[in-house]
Amino acid sequence: MAGFLSFLYGLRAEQPAQFRRLTRIRSRIYTTVAPLHAEIVRSPEPTPFAELDHSAFTRILPGTAWGKIFDCAWLRLTGEVPADAEGAYVMLGIRGEGLVVDAEGTPVDSVSTVFQQADLPHSGGKYRPVGDPLAPGTQVELFADVAYNGFILYEVGRAVFHGAHLATRDDTAYGLYYDYLTLVVLAGHTDDAELEAELRAALDAAWQLFGTGDLAGARAALAGPLAAPSASDFVYRAVGHGHLDMAWLWPLRETRRKAARTYTRALNAIERRSGYIYGTSQPQQMAWMKELQPALYSRMQQAVADGRMELQGSFWIEPDTNLPSGESLVRQALVGRTFLQQEFGLTDEQLRMCWLPDTFGYNGNLPQILKKSGMDWFQTIKLAWNKVNTFPHRTFHWEGIDGSSVLVHMPPEGDYNSRGAPDGLLKGLKQYPEIDLGTALLVYGSGDGGGGPGEIHHEVLTREHGVGGAGLRGLPRVEHSTASAFFRDLETREVAHTHRGELYLEAHQGTYTTQGAIKKHNRIVERMLHEVEALSVIAGQDTRAALEQPWRDVLLNQFHDIIPGSSIERVNREAVETYTRIEGELRTLTRDLTEELSTGDTLAAINLTSFPRDEHVSVDGRWFRAVVEPYATAAVDAADGPFGLGAAGQMMTNGLLTLRFDGNGEIVSCTDARGLEHAGRGLNRLVVHRDPYQWPFDAWDIDQRYANRRSRRLRLVASETHLDGPTVVRTQTLRGPRVEVVQRIVLEAGSELVRFETKVDWHASHRMLRAEFRPRHFGAEALSEIQFGHIARPTTENDSVETAQFETCAHKWIAVSDADAGFALLNDSKYGHRAKNGLLSLNLLRSPTFPDRTADRGSHEFTYAFRPFATGDLQPVIRDGYRLNNPLGIARGVSFDSLVSSSNAGVIVETVKRAEQGDGVVVRLYEALGRHATASLTTRIPQTTAHETDLLERPTASADLDTLTFTPFEIKTLLLEP
């Protein structure tokens, strides 16, 4: 309990007597000289300043609780500085946060009393000084856009107006307060007993002098320890930051306001504090400022030009990197970087860093995506959150599945919200394996909900910086720096370790599954964007402007608390609404483009994948056969059979596979045409596991021990099998407590894919629905599709690292095999898998209660599938993954020959789009099998030149389309220009 109290309350719990002393010193800092008249107007949603009804303001008294969580209000403060009050400050006391503007609506300052764990006490107590000190006689008229967004993680409490007044500040008392605070934290955390004794003695002496009223003497008693220089050669490079989640425990609309508050505070500090550098990421927030706060945005542009504000990273937002497609991650870089260069004039050298401090693990192909998007450096802290194994490095090279490498630094304190105080600096040294490098990054400032460095951070860091930059005895030295300058220095040093593969986070594995509707919509929209872009090229239409906002909205929803499903109900609901709107817009564009291509009335199938397709489609109850080349159309023919299908009792077959079911609806036998058995101890057992509340991150985490507890198998209540054209279908209904599942198990003529078209009515709480497969053929590793490739993971639990990977992320498929055969599990919208000790388990649904009590309750539709494959031959698995996720389009009169195709089935044409600039067309391919490969590209795209480019579409070399060579998992982007 003591450790938790220290984590939560910091100094107040660790040194309560010293905290009380600081409270006494604080009481001498500000002296009230006049009240301010306060009025309020409330609203459920934010009201722009220009739309304020000034006649609606009513008086509000100090101590008034004015609203609930997420309620909005404007305060109006008026008064006059007394004639004898030189340098008076406006003091505003609120529970929550607010942006203060002048009578014209121009931001003046921001205030916040938002509590973060272990916060150090502020000199103003419940009040915050607003703006600069005022001259006597100044008329005050200020407006504050205020909000209250909860306490730490929870939607508890109410918005409170504590009061507003004018006060003068005793600068000696103010200085003494932060002198004392800095040294008392150092005394409480140093391991140097002699230094602690000296500091305690100086603090006691200062306290005694304070008690006599000699504040100057008290400061003098602390001057010696504060002037003692650091004896350390280690240097922290310190950059201010205000990590601001795009949405999380508050809705997107609140983030727009939080961004304005955060940037206002940062810019004010830049103007007032010499040497201070503030870093910010996520261009989406900057775009909001351009739209909503143009004066503030102009100040941002100037601060960037002056080198005082660093734009960190190139992604549009800080996305999850497990769940979005590879193409989406490319667009994160392309859209974000384009904005930063157009709006701020940044050079490529200024955009070499990827900034993802809080994302829940990092896929194994991210290094290649970063390198080919101009990013050589990668900053995170998240692996410090591992629950089982301490990640062994903080500075290292990270090599992805294709061999690309980036330089990684994780600030050793393990926090992107560092208080910048002595305890954090010393903690960082203790847990920095690469301490011999002599340097590390310090990212300090209030974050998650934004805010950035405030008064406490600045005052403490100033004292740690020391006299003339010499530091403070007992601490490493601290220097203001950009993160880029830190990395630029770091890459000149000898970094010994290289980590290969993914950066797997041993936590938050539930985010692969929670909020299944969001994940399904994302998968659908990614596919629809791909199709519209390809059709635009085929139709000769320019849809770049029409797709700009849909792409930005999709990228926004891939933020690392939206697509993972770890936000409040409103965020999740609004995300689904956004996806639904985008899908409607894309359907309209698709219809318009296909109509543009229509020349008759023949029913045709449209194939916008890299694979030739030969399959059956149902249109208005009639079955047709479609045989269509890559990126082409073909007229469909009536599917008249015979199809070689059969069903009897608990058996169904299409001649390629024969399935047999037991009385529980589980597949107990799956034999292929050779008679080889693929079912081991059963396939598609639907079970419900207990999924108990995980404190404090319920939606994020799964109890690793769940697999050791007995699950409940759903009970089969009905089943029937029938032939439907070229398919044999078994429909079965299964039930359990608060869950009903209806499945159509489909075998199609000519296909070895077994589909489970699934509808679920799900109302359980703290339960997890999984489909379990125990195939006959299972090896020591599982291959999982990730962005532009796949990764191998152990299926054993031979050590704590393997055991900790009890749930992993895969995109369209996961596959296991032995010497005789392989077995692949595919899906159209699911990501969470367990592949251990003979079991392949697909996580279908969860039902956590925090932060969204309604998570996933309701109706769901999705499809998953399995197929056997020959050992070592992943091509049919990859093909069927695309087939399951990219159904053939059906339209009348549309006819076009193959636009583009690869001669090598292992080299996939993933994207066809108009170039970002000019009249060219971009074709993006990747090698999917993990082998060296050669392919020729056949295309009818008009061209006079062909170049290879990076992912930003900048040419790197000329391209010979007849002989394209690929290294394993290489992404290759081609620019074809007329």
K.L.:
Quick one: side chain to side chain contact (heavy atoms under 4.5 Å, CB included) partners of Pro225, sequence neighbours excluded?
P.N.:
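Expected list: Leu183, Leu199, Ala202.
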K.L.:
Could you tell me whether Arg169 sits above the aromatic face of Tyr174, with NZ or CZ closer than 6.0 angstrom to the six-membered ring centre and within 45 degrees of the axis?
P.N.:
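Here Arg169 passes the 6.0 Å and 45° test against Tyr174.
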K.L.:
How long is the gap from CG on Leu226 to OG1 on Thr182, to the nearest 0.5 Å?
P.N.:
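One gets 7.0 Å once the value is rounded to the nearest 0.5 Å.
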K.L.:
Which donor-acceptor pairs under 3.5 Å do side chains of residues 417-427 form with protein atoms, sequence neighbours excluded?
P.N.:
from   : atom 1 : to     : atom 2 : distance (Å)
Asn417 : OD1    : Gly447 : N      : 3.3
Asn417 : ND2    : Asp448 : OD2    : 3.4
Ser418 : OG     : Glu413 : OE1    : 2.7
Ser418 : OG     : Glu413 : OE2    : 3.4
Ser418 : OG     : Gly420 : N      : 2.9
Arg419 : NE     : Ala118 : O      : 3.1
Arg419 : NH2    : Asp423 : OD1    : 3.3
Arg419 : NH2    : Asp423 : OD2    : 2.3

K.L.:
So, does Thr113 use its side chain to make a donor-acceptor pair with the main chain of Gly96 at under 3.5 Å?
P.N.:
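Yes, Thr113 side chain to Gly96 backbone: donor-acceptor pair under 3.5 Å.
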K.L.:
Holding to side chain to side chain contact (heavy atoms under 4.5 Å, CB included), I want the full list of residues that pass it with Asp109, two or more places apart in sequence or in another chain.
P.N.:
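Counting only residues at least two positions away or on another chain, Asp109 forms a side chain to side chain contact (heavy atoms under 4.5 Å, CB included) with Val130, Asn268, Arg272.
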K.L.:
Do the side chains of Arg219 and Asp179 get close enough for a salt bridge, i.e. N-O under 4.0 angstrom?
P.N.:
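Here Arg219 pairs with Asp179 in a salt bridge, since their nearest N and O are under 4.0 Å apart.
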K.L.:
Does the side chain of Leu153 come within less than 4.5 Å of Pro851's, by heavy atoms?
P.N.:
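No, too far: nothing below the 4.5 Å cut-off.
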K.L.:
Check whether more than 12 heavy atoms from other residues, nucleotides or ligands sit under 6.0 Å from atom CG of Asp233, and answer yes or no.
P.N.:
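Open.
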K.L.:
What verdict does the salt bridge (charged side-chain N to carboxylate O under 4.0 Å, His left out) test give for Glu254 and Arg261, after you've listed the backbone C-alpha separation in whole Å, the side-chain angles of each residue and the deciding distance to 0.1 Å?
P.N.:
CA-CA 11 Å; Glu254 189 61 25; Arg261 296 191 284 261; 2.8 Å; yes
K.L.:
Check the surroundings of atom CZ in Arg158: do more than 12 heavy atoms from other residues, nucleotides or ligands lie under 6.0 Å from it?
P.N.:
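Yes, the 6.0 Å shell around CZ holds more than 12 heavy atoms from other groups.
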K.L.:
Can you label the angle between the His409 ring and the Tyr432 ring as parallel, tilted or perpendicular, going by 30° and 60°?
P.N.:
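The rings of His409 and Tyr432 stand perpendicular, inter-plane angle above 60°.
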K.L.:
What I'd like to find out is whether the side chain of Leu505 reaches to under 4.5 Å of the side chain of Leu383, using heavy atoms alone.
P.N.:
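Leu505 reaches Leu383 side chain to side chain.
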K.L.:
Quick one: does Thr380's side chain have a donor or acceptor within less than 3.5 Å of a partner on Leu356's backbone?
P.N.:
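Yes, Thr380 side chain to Leu356 backbone: donor-acceptor pair under 3.5 Å.
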K.L.:
Hey, is the main chain of Tyr178 close enough, under 3.5 Å, to the side chain of Glu459 for a donor-acceptor pair?
P.N.:
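Pair absent, no side-chain N/O of Glu459 close to backbone of Tyr178.
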K.L.:
Can you check whether Tyr9 and Phe19 have ring centres sitting under 6.0 Å from each other?
P.N.:
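No, they do not, as the ring centres are separated by 6.0 Å or more.
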K.L.:
Under a 4.5 Å cut-off applied to non-hydrogen side-chain atoms, are Asn149 and Leu249 in contact?
P.N.:
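SC-SC contact between Asn149 and Leu249 ruled out.
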K.L.:
Among residues two or more places apart or on two chains, list those pairs meeting salt bridge (charged side-chain N to carboxylate O under 4.0 Å, His left out) that have a residue in residues 135-150.
P.N.:
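Applying salt bridge (charged side-chain N to carboxylate O under 4.0 Å, His left out) to every pair that reaches into residues 135-150, excluding sequence neighbours, yields Arg76-Glu141, Asp145-Arg257.
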K.L.:
Taking Arg493 for the side chain and Leu437 for the main chain, is one N or O donor matched with an acceptor at less than 3.5 Å?
P.N.:
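Yes; judged by distance alone, with no hydrogens or angles, the pair exists.
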K.L.:
Among residues at least two apart in sequence or on other chains, which ones pass salt bridge (Lys or Arg N to Asp or Glu O under 4.0 Å) with Asp102?
P.N.:
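Here no residue qualifies.
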K.L.:
Any donor and acceptor pair, going by atom type alone, linking the side chain of Asp698 with main-chain N or O of Gln694 inside 3.5 Å?
P.N.:
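Judged by distance alone, yes, a pair lies under 3.5 Å.
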K.L.:
Can you find a heavy atom in the side chain of Leu92 that is under 4.5 Å from one in the side chain of Leu36?
P.N.:
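With C-beta onward as the side chain, the pair stays apart.
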K.L.:
Report the residues that fulfil salt bridge (Lys or Arg N to Asp or Glu O under 4.0 Å) with Glu155, sequence neighbours left out, ordered by chain and then residue number.
P.N.:
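Once residues adjacent in sequence are excluded, Glu155 has no partner under the salt bridge (Lys or Arg N to Asp or Glu O under 4.0 Å) criterion.
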K.L.:
Quick check against the 3.5 Å criterion: does Thr190 have a side-chain atom that pairs as donor or acceptor with the backbone of Leu186?
P.N.:
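Here the side-chain-to-backbone pair does not exist.
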K.L.:
Name the orientation class of the two ring planes belonging to His393 and Phe396 (parallel below 30°, tilted from 30 to 60°, perpendicular beyond 60°).
P.N.:
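The arrangement is tilted - the two ring planes meet at 30° to 60°.
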K.L.:
Report the residue from Gln379, His241, Gln282 that forms a side chain to side chain donor-acceptor pair (under 3.5 Å) with Gln312.
P.N.:
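That would be His241.
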K.L.:
Test side-chain contact (heavy atoms from CB on, under 4.5 Å) on Trp207 and Ile25 and set out the steps.
P.N.:
CA-CA 9 Å; Trp207 176 248; Ile25 296 170; 4.1 Å; yes
K.L.:
Any chance you could lay out the side-chain contact (heavy atoms from CB on, under 4.5 Å) test for Tyr276 and Arg308, step after step, and finish with the verdict?
P.N.:
CA-CA 7 Å; Tyr276 170 56; Arg308 303 293 302 282; 3.9 Å; yes
K.L.:
Are the side chains of His560 and Pro357 in touch, meaning some heavy atoms are under 4.5 Å apart?
P.N.:
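His560 does not reach Pro357 side chain to side chain.
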K.L.:
Do Lys387 and Glu506 sit within salt-bridge range, that is, some charged N less than 4.0 Å from a carboxylate O?
P.N.:
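Between Glu506 and Lys387 there is no salt bridge, as every charged N stays at least 4.0 Å from the carboxylate O atoms.
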K.L.:
For the residue pair Tyr416 and His243, does the interplanar ring angle fall in the parallel (under 30°), tilted (30 to 60°) or perpendicular (over 60°) class?
P.N.:
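Rings of Tyr416 and His243: tilted, 30 to 60°.
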K.L.:
Name all residues meeting the side chain to side chain contact (heavy atoms under 4.5 Å, CB included) criterion together with Asp71; count only those two or more places apart in sequence or in a different chain, and write none if there are none.
P.N.:
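Residues passing side chain to side chain contact (heavy atoms under 4.5 Å, CB included) with Asp71: Trp66, Lys68.
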K.L.:
Would a distance-only check, ignoring hydrogens and angles, find a side-chain to backbone donor-acceptor pair under 3.5 Å from Tyr263 to Arg299?
P.N.:
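Not a single qualifying donor-acceptor pair exists.
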K.L.:
Using a 6.0 Å cut-off, check whether atom CZ of Phe697 has over 12 heavy atoms from anything other than its own residue.
P.N.:
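Atom CZ in Phe697 is crowded, with more than 12 foreign heavy atoms closer than 6.0 Å.
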K.L.:
With distance as the sole test, does Arg28 use its side chain to make a donor-acceptor pair with the main-chain N or O of Ala173 at under 3.5 Å?
P.N.:
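The answer is no, because no donor-acceptor pair under 3.5 Å joins these two groups.
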K.L.:
Would you mind listing every salt bridge (charged side-chain N to carboxylate O under 4.0 Å, His left out) that reaches into residues 11-21, with sequence neighbours excluded?
P.N.:
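Residue pairs with at least one partner in residues 11-21: Arg21-Asp204.
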K.L.:
I'd like to check the salt bridge (Lys or Arg N to Asp or Glu O under 4.0 Å) partners of Arg95; sequence neighbours left out, ordered by chain and number.
P.N.:
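Per chain and number, Arg95 pairs via salt bridge (Lys or Arg N to Asp or Glu O under 4.0 Å) with no residue.
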K.L.:
Mind checking side chain to side chain contact (heavy atoms under 4.5 Å, CB included) for Ala167 and listing every partner two or more places apart, or none if nothing turns up?
P.N.:
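Listed in chain order: Tyr30, Met91, His165.
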K.L.:
Taking the basic N atoms (NZ, or NE/NH1/NH2) and the acidic carboxylate oxygens, is any pair closer than 4.0 Å for Glu455 and Arg273?
P.N.:
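Result for this pair is no, no salt bridge flagged.
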K.L.:
Would you indicate whether the side-chain heavy atoms of Val239 and Leu442 approach each other to under 4.5 Å?
P.N.:
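Side-chain contact under 4.5 Å: no.
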K.L.:
To the closest 0.5 Å, what do you measure between CD (Glu97) and OG (Ser446)?
P.N.:
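Taking CD in Glu97 and OG in Ser446, the distance rounds to 10.5 Å.
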K.L.:
Can you sort out the partners of His162 under side chain to side chain donor-acceptor pair (under 3.5 Å), two or more places apart, ordered by chain and number?
P.N.:
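So His162 forms no side chain to side chain donor-acceptor pair (under 3.5 Å) with any residue.
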K.L.:
Write out all pairs satisfying salt bridge (charged side-chain N to carboxylate O under 4.0 Å, His left out) with one or both partners inside residues 180-201, taking only residues at least two apart or from two chains.
P.N.:
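Output for this query lists Asp191-Lys430, Glu196-Arg200, Glu198-Arg473.
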K.L.:
Side chain of Lys126, backbone of Gly93: donor and acceptor closer than 3.5 Å?
P.N.:
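The answer is no, because no donor-acceptor pair under 3.5 Å joins these two groups.
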K.L.:
Please step through side-chain contact (heavy atoms from CB on, under 4.5 Å) for the pair Thr64 and Ile40, ending with a clear verdict.
P.N.:
CA-CA 11 Å; Thr64 300; Ile40 190 170; over 6 Å; no
K.L.:
Yes or no on side-chain contact (heavy atoms from CB on, under 4.5 Å) for Tyr89 and Val81, after CA distance, side-chain angles and deciding distance?
P.N.:
CA-CA 9 Å; Tyr89 287 88; Val81 179; over 6 Å; no
K.L.:
Over 60° means perpendicular and under 30° means parallel, so classify the ring planes of Phe850 and Tyr154, tilted if in between.
P.N.:
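Ring orientation of Tyr154 relative to Phe850: tilted.
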K.L.:
May I ask you to decide if Val184's main-chain N or O and Gln15's side chain share a donor-acceptor pair within less than 3.5 Å?
P.N.:
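Yes, the answer is positive, given that a donor and an acceptor are paired below the 3.5 Å cut-off.
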K.L.:
Compare all side-chain heavy atoms of Val90 with those of Leu166 and state whether any distance is below 4.5 angstrom.
P.N.:
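Sidechains of Leu166 and Val90: in contact.
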